[in-house]
Amino acid sequence: MNELAKIFGFDPKKYDQWQINWGLEDPWMIIISLGLMMPLALWFFWTSLRRVGSTPKKIFLFSLRIFAFVFLLMVLLRPELEFKKSHSLKNHIAVLLDNSKSLSIKTFPQEISRADLIRKTLEFNKKYFDQLKTEFNVDTYFVSDGVKKTNSGLENYRPHRPYTNFSPVLEELGRNYENKSLQGVLFFSDGADLTEEPEEMSKGILNSLIKMKVPVYTFQAGSNDQFKDLALESVSVSDFGFVQQPVRLSVMIFSSALGNRNVPLVLKEGDRILISKIIEIREDKKYYKVDLQFTPRKIGKRIYTLNLPRFSEESILTNNQKEFEIDVARDRVRILHLNGRPSWDSRYLREVLANNPRVDLLSFFILRNLGDDVAAPTSELSLIPFPSNLLFDDYLSSFDLIIFQNFKYEPFIDKKYLTNIRKYVEKGGAFLMVGGELSFQGGSYSRTPIEDILPVSFKETDIRFIDQEFHPKINEVFSNHPILRLEKDLELTREVWDTLPSLHGANLGLVADKDAYVLAELENASYSSVPALVVGEFGEGRTALLSTDSVWSWNFRKEGGSRYFHRFWNNIIDWLISEPQTRRLQLKSDKDRYQEEQKVLIKFKLLEKNYQPASNVTGRLTISSRAGEIISKDLKTDEQGEQVFSFLPKQAGFYRASIVIEELKEEIMFSVLKDNAEFEKPLVNDFLLKKIAMVSGGQYFVLDGANDLSALQFDNSEVKIKSHSRSFALWDSWWAYSLVIGLLFIDWWFRRKAGLS
Amino acid sequence: MAAAGYSDLTLPRIIYKGGNDNARPDGLRSLLSQVARRTSIEVNREPVALKLSDPNLFKYPFIYLGGDEAFEPFADSNLKTLRKYLSYGGFLFIDDNSAKSDSGFDHSVRRMVKRLFPQTPLRNIPRDHSVFRSFYLLNTVSGRAIIKSYMEGISVKGRTVLIYSANDQAGAWSRNKLGDWNYDVMAGGYRQRQLSIRLGINIILYALTLDYKKDMVHLPIILERLRRYQSP
């Protein structure tokens, strides 16, 4: 070795080993090719030496050729001489401490937390670990759904991680020791991996164990004996639902060591109880699947709470309550459309409603009056009785919008039901009256609840309905109003309104209320400003009226008018049912769900009555949680009518933000999440810990705080590792090439001398 | 009598060249009279006759084209107007008053419809069509003469825009001002005339309410009545 190093001019003290390496990664193709070609070439060469008489000469020439081939092979295989220095290393032992939240659960009979049981065990075996450290590199890790190396030992050991998943833990551990000598793993955990199925071990864990090829010794912290708990383990429910449509949820309840008792499961929205169901808990059964169903009545983000009673002897109390949020939307707009008589106006409006996929239409045409003689028995008629009781008593609240089109309520609807309509609008419903001879005073609505809810009052007049030609004219003040927007561009919208066909017929004697918005008027030579399209608000609901029965001609008489006719009605519907884009006060948060310690941004926008931005208006923003009001602050709108407010929630839970400006109020809800998944599957998973130990060749132990680990011994064979090296190419040098050329030259010279070609 | 309103039901007759576009002068007025008597619809009984080129055509979403002889083909511009009229929501009822099969009027109508909707031929209207249940429950096609036991029609985007009857419906509807029937019905008598009037009312109700009677709220009652009505 020393002589060899000197030949290549190195200090032999720096290296203690040498070896030959081949430059090609896969030299076999070359070896096989040359192995086949060389004997053939040599055979041809030997036959070409027949003319050489002297046998020694023949052998000499043949030897030269063989040497030349051998050197050629050497050049092709790129041999390298490597000098290297190696040194010994300590083997590694990995200690894994599960720091997920489930380790904070109290265990029996020790009545200490699972984490404390681990602490106690490690302290009890301090000498063993100190001894282990002298022989091995002992690496300690906190593990949950990832791996974090720690040098501080137990000082920072705290069960706080929100999720347990051992598959990535073992995978990352394997990567960490890829080029190191890991001799064993000590794994302290309750085994409560949230991703593992009961009595199963996932392929992810199995593959990592096979790849690591080291024994894993598992130490079970805690046990399921005497573990008392009643838990809402999981709630399976869509986070999206539809108003007036049943929402189904499936709840998994876990019970352990609570004996036989009946417990109520209660579903609440705020303080209102939606459902209550008695669950019969039995000693010999741990899991109870409960299916519930309820119907959301209001749209928006709604927060619901499931509650189970809390018993003092339980190990965990936080898992007896669970909140969830459902974004309740309108699947379809439910419209009740009553027509006093079939007419072109009602036919075209029905077509708009029936062809709108968003609309769930229930329409009734009064096809015959009491005085009509149908000249046929009822059995030969397709007419059905008008179900006024069902519509205006039982199912009234299920409609988003009620339309009376040229409809006289008597004798079809009892007058008392008009009061129901008033209440319905007051609570947030929508009502539209479309003109005609049977509308307004013509329908005997004077001094009825309908007159109250409409944004006009009726003035006695000799002519209630006049059949004259009128030109519709929009009120410039409200040109930005969403109902009048027939085009996106304001100027284009004005042009469209100017070119719409004239209308025939108008209801007279309508006087707009003070707080009503007259969006359009009718005018002709005789009448200057007949309120045509008037909208208003009543209680929490919205109402509108159209004082003519001839807007159908916009669809029929104008080329391309169908588009505007449809848009006009759809705008009216959107405004009446208070679609978000039609609200003057809009409030939203930048997210629906926040994590703990995440900042919440709340933005609101205010529009004037004419839907222009309202600047410099002060509103009161209130943020509250279940505990009560948290923030109440006056905020002023900017030039765009907007303002933004941010705050940092101090604790997890559901929050409500509301803004009040003048008579307008908007409210939103958002949640700040705290991950309690660890307490939803709190049981110790002894199967998984046993299986990990078995598959890896380790052992499984149950901790009692005084386990003696000194019997655990690990292989500690010497590990050599290369510290530095130096390589020399044996082929890429002048003498290697010279040798090949020299041999070929001598070969040529002797052949020439022997008279060969 | 109050003056007719703009939105009241008017049944204009289409004037065309050649043939006889007013073969049943009292037919439409008589039908409107029945509509007013039997239903809640407000009608305008004043006779209105229009050419397809008349700009007032677009004031009346229902038009009637009747006759008993062959007529001259409509100009392309008129057919274009008619096509537009029907696509905007208008409705055309064609009535062959000749009471003959394979009549000259029938040939003219088929030629016209072929030019009007080259891609959409006339098809028999099925018995479950809303026109047979829009007011009366009907299971037969009547008329002054039962030339065909069915009506034909053309539907565009789910809406029937044209109905053609070969059975001289207006002949069965026609009454003079004294209340006497102008034409005898062939073979059927009083019941056949009544069924023709019912069909006429149903056609008008269909034009005014479309598939209203196919709404789910009506179905159980209608199907039950149809079952009883059709069972012997």
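Order of the sequence lines fixes the chain letters, A, B, ..., with proteins taken first and strands second; residue numbering starts at 1 for each chain.
Aromatic pair Y85(B)/F556(A): ring centres closer than 6.0 Å.
Heavy-atom distances place the backbone of L57(B), and not its side chain, under 4.5 Å from chain A. Residue S562(A) does not touch chain B at all, counting heavy-atom pairs closer than 4.5 Å. Looking at A36(B), the atoms closer than 4.5 Å to chain A (heavy atoms on both sides) all sit in the backbone: N, CA, C or O. For chain B, the nearby part of L362(A) is the side chain; its heavy atoms alone come within less than 4.5 Å. There is no contact between Q34(B) and chain A, counting heavy-atom distances below 4.5 Å. Only the side chain of E351(A) comes within contact range of chain B, with heavy atoms under 4.5 Å apart. If you measure heavy-atom distances from S134(B) to chain A, the contacts under 4.5 Å come from the backbone alone. Only the backbone of Y60(B) has a heavy atom closer than 4.5 Å to any heavy atom of chain A.
Looking at N406(A) and D345(A), their side chains never bring a donor and an acceptor atom within 3.5 Å of each other. Side-chain contact check for S196(B) and Q169(B): at least one donor-acceptor pair (N or O, by modelled atom type) lies under 3.5 Å. For D211(B) and S130(B), the side-chain atoms include at least one donor-acceptor pair closer than 3.5 Å. A donor-acceptor contact closer than 3.5 angstrom links the side chains of H129(B) and T160(B). Looking only at atom types and distance, the side chain of R38(B) has a donor-acceptor partner in the side chain of Y136(B) under 3.5 Å away.
The contact list for residues 392-404 of chain A toward chain B, using heavy atoms and a distance under 4.5 Å, is empty.
Results of the ring-ring contact (aromatic ring centres under 6.0 Å, His included) test with W554(A) over W569(A), F565(A), W497(A), Y348(A) single out W497(A) as the only residue that passes.
The candidate with the highest count of non-hydrogen atom pairs below 4.5 Å against chain A, out of P61(B), P55(B), A207(B), is P61(B).
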